[in-house]
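Indexing begins at 1, ligand by ligand and atom by atom, following the structure's order. Quick caveat: nothing in here was measured; it's all calculated off a predicted structure. For the single chain, residues carry numbers from 1 onward in sequence order.
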Amino acid sequence: MFLLFSSLKNTSSTAQAQLHHNTTTGMWVGAASMAGSWVAAGPTIASFMFAWAMIQQYCPQAVLRFFKKYWRRLTNYFHPYIQISVHEFAGERLKRSEAFIAIESYLSKNSSNTAKRLKAEIGKDSTNLVFSMDDHEKVTDEFQGVKVWWVLNRTGSTTNSDNSYPNPDKRYYTLTFHKKHRGLITEPYLKYVLSEGKEIRVRNRQRKLYTNGSGGRWSYSHTMWSHIVFEHPATFDTIAMEAEKKQEIIDDLLTFTSSKEFYARIGKAWKRGYLLYGPPGTGKSTMIAAIANLLNYDIYDLELTAVKNNTELRKLLIETTSKSIIVIEDIDCSLDLTGQRKKKEEKSKDDEKEKPLKESSNKEDETSSKVTLSGLLNFIDGIWSACGGERLIVFTTNYVEKLDPALIRTGRMDKHIELSYCSFESFLVLTKNYLNLETHPLFDQIKELIEEVKITPADVAENLMPKSPRDDLEKCLHKLIQTLKRAKEAAIIKESQEVDTAESTTTTDLQSQTEDSSSS
Ligand SMILES: Nc1ncnc2c1ncn2[C@@H]1O[C@H](COP(=O)(O)OP(=O)(O)OP(=O)(O)O)[C@@H](O)[C@H]1O
Ligand SMILES: [Mg+2]
């Protein structure tokens, strides 16, 4: 016992002297010199360790508690610093901690000046590099004249018990500061770090396009989503659509993003559902990209057929961040959601798009998706959907009439937007985009044809695209006129065929009625 106290006294007095000496230069120096003094006191430490082992083995619990208590007080006295840890994945690790992400962004600001090992990532618009501190690096920060130290820690990468995939590493920041500044650091400083970090993140971040296909699930990144950088050039200026309708959509979106307080006041989750419907090639996917570019949001492209069950669907939802669009394309053929509330025999036999899915689900029942309509409805408006805030949920479909009314009722899909065949007004947007042309003598003829024929903006755009260096704008317009004329002829032929079929059906019906009546 005596040995223990005398050894402690000697070592810690040396360490204390060095720490005081270095407090102006920073705690890490202080800690290092303290460690140095421990090393110098090698034999003393050995005897201390031995004594401590003896105490642990032979002393009763009460005595041990007594020693622990005073040991803590002793170390607190010589090490008057407080440490706060912020883990990347808190609790059940459902989602990356917002605080961790904000701190990461905040520290990227000054780590490029102070840290020695840095990680570089491509920044916004791929024009710059954004630096952040590497694992086990430390940076110093100053707030109102008070110094604090940040360290990025990482704990081991072990393999799973079945060795199938590596356990992801755990990363966490530790913030260290002198205990006399506790009030300043835990309140104003950390608030400042979080708000500044969030702002820096929005300024620097590259927008991402996430997908839940295979690959992400067993990755090292804890997440079920994998992502690439989102760089789609579509904007509302380039979307071919009537100006009034376009403006209405833009206003709706901008009102949504600026309505945080409003949603909080009325007690509604800060999210909005959009249903984009219309024939193939009318710009539904293009509009999603334009929305993301307008609002500076990430996109989560949710492939429902790759989701095993409702639980997995919920996990995916929780992992999405705010300021994002969750997209489910072709909702009518993603799952058999349309038919779940109908009786089996009522299901359409000639449902082209649903057929392959049904066939495959019969074959591989185990691997097929078990997401149900109620699971999806919960996904959209259940309590989990409120986690994160500021999110748009967008469904697209070619067949709006096939969807279950429950799925698209107001409150779930708040705004229904029809994207339809190309009008003359939409055509003018396309010629401005593709040919930089606002007026031309051929426009009158095109206007007449386009109003008679159903042609998608995708088809118009295809004709306006020069196919060789010799293609001038006149050639493109003539090409479009030819296409429109052909489409008109095809429509006339189709119509006359339909009339013929209808007439022959009526004649056959009449004949069979006559035969029936004559035989009876
Ligand atoms: N309204 C539009 N404005 C501008 N370009 C359009 C528009 N509609 C279609 N396009 C052009 O046609 C191409 C196909 O459009 P897009 O993929 O957005 O159609 P979609 O409605 O999503 O079709 P699908 O229902 O088959 O998914 C786009 O690359 C775009 O260039
Ligand atoms: Mg599409």
side-chain contact (heavy atoms from CB on, under 4.5 Å) assessment of Ile239 paired with Met287: CA-CA 7 Å; Ile239 289 221; Met287 174 161 285; 3.8 Å; yes
Residue pairs passing the salt bridge (Lys or Arg N to Asp or Glu O under 4.0 Å) test with at least one member in residues 414-427, sequence neighbours excluded, are Glu248-Lys415
Is the contact between Ala461 and ligand 1 made by the side chain, the backbone, both, or neither, using heavy atoms and a 4.0 Å cut-off? neither
I need the atoms of ligand 1 closer than 4.0 Å to a non-hydrogen atom of Thr238, numbered in the order shown. 3 (N), 4 (C)
Look at atom NZ of Lys245 and say whether more than 12 heavy atoms of other residues, nucleotides or ligands are closer to it than 6.0 Å. yes
Quick one: name the protein N/O/S atoms under 2.8 Å from the Mg ion (ligand 2), chain by chain. Ser285 OG
Indicate yes or no: at least one non-hydrogen side-chain atom of Phe395 is less than 4.5 angstrom from one of Leu403. no
Could you work out, for atom 23 (O) of ligand 1, the closest of Ser285, Gly281, Gly283 by heavy-atom distance? Gly281
Under 4.0 Å to a heavy atom of Thr286 - the qualifying atoms of ligand 1, by number: 15 (O), 16 (P), 18 (O), 28 (C), 30 (C)
For ligand 1, find out whether one of its N or O atoms is nearer than 3.5 Å to an N or O atom of Lys284. yes
Is the closest basic N to carboxylate O distance between Lys170 and Glu88 below 4.0 Å? no
Ignoring hydrogens, just give me the one of Leu419, Leu430, Leu276, Thr396 whose non-hydrogen atom is nearest atom 5 (N) of ligand 1. Leu430
By number and element, which atoms of ligand 1 are closer than 4.0 Å to a non-hydrogen atom of Asn398? 25 (O)
Can you measure from CG (Leu209) to NE2 (His232) and round to the nearest 0.5 angstrom? 10.0 Å
Counting from 1 in the order shown, the ligand 1 atoms closer than 4.0 Å to a non-hydrogen atom of Tyr434 are 31 (O)
For a side-chain contact (heavy atoms from CB on, under 4.5 Å) check, start with the C-alpha distance between Tyr274 and Leu392, then their side-chain angles and the critical distance, and finish with the verdict. CA-CA 7 Å; Tyr274 281 75; Leu392 294 176; 3.7 Å; yes
Would Ala240 count as being in polar contact with ligand 1, using the rule that some N or O on each side must be under 3.5 angstrom apart? yes
Does Asp298 come within less than 4.0 Å of Lys208, counting only side-chain N to carboxylate O? no
Tell me whether Thr282 has any N or O atom under 3.5 angstrom from an N or O of ligand 1. yes
Passes ring-ring contact (aromatic ring centres under 6.0 Å, His included), Tyr173 versus Phe100? Steps please. CA-CA 7 Å; Tyr173 283 105; Phe100 185 93; 4.8 Å; yes
To the closest 0.5 Å, what do you measure between CD (Glu462) and CE (Met465)? 5.0 Å
Would you check whether Pro457 has a nitrogen or oxygen atom less than 3.5 angstrom from a nitrogen or oxygen atom of ligand 1? no
Can you tell me if NZ on Lys467 sees more than 12 non-hydrogen neighbours from other groups inside 6.0 Å? yes
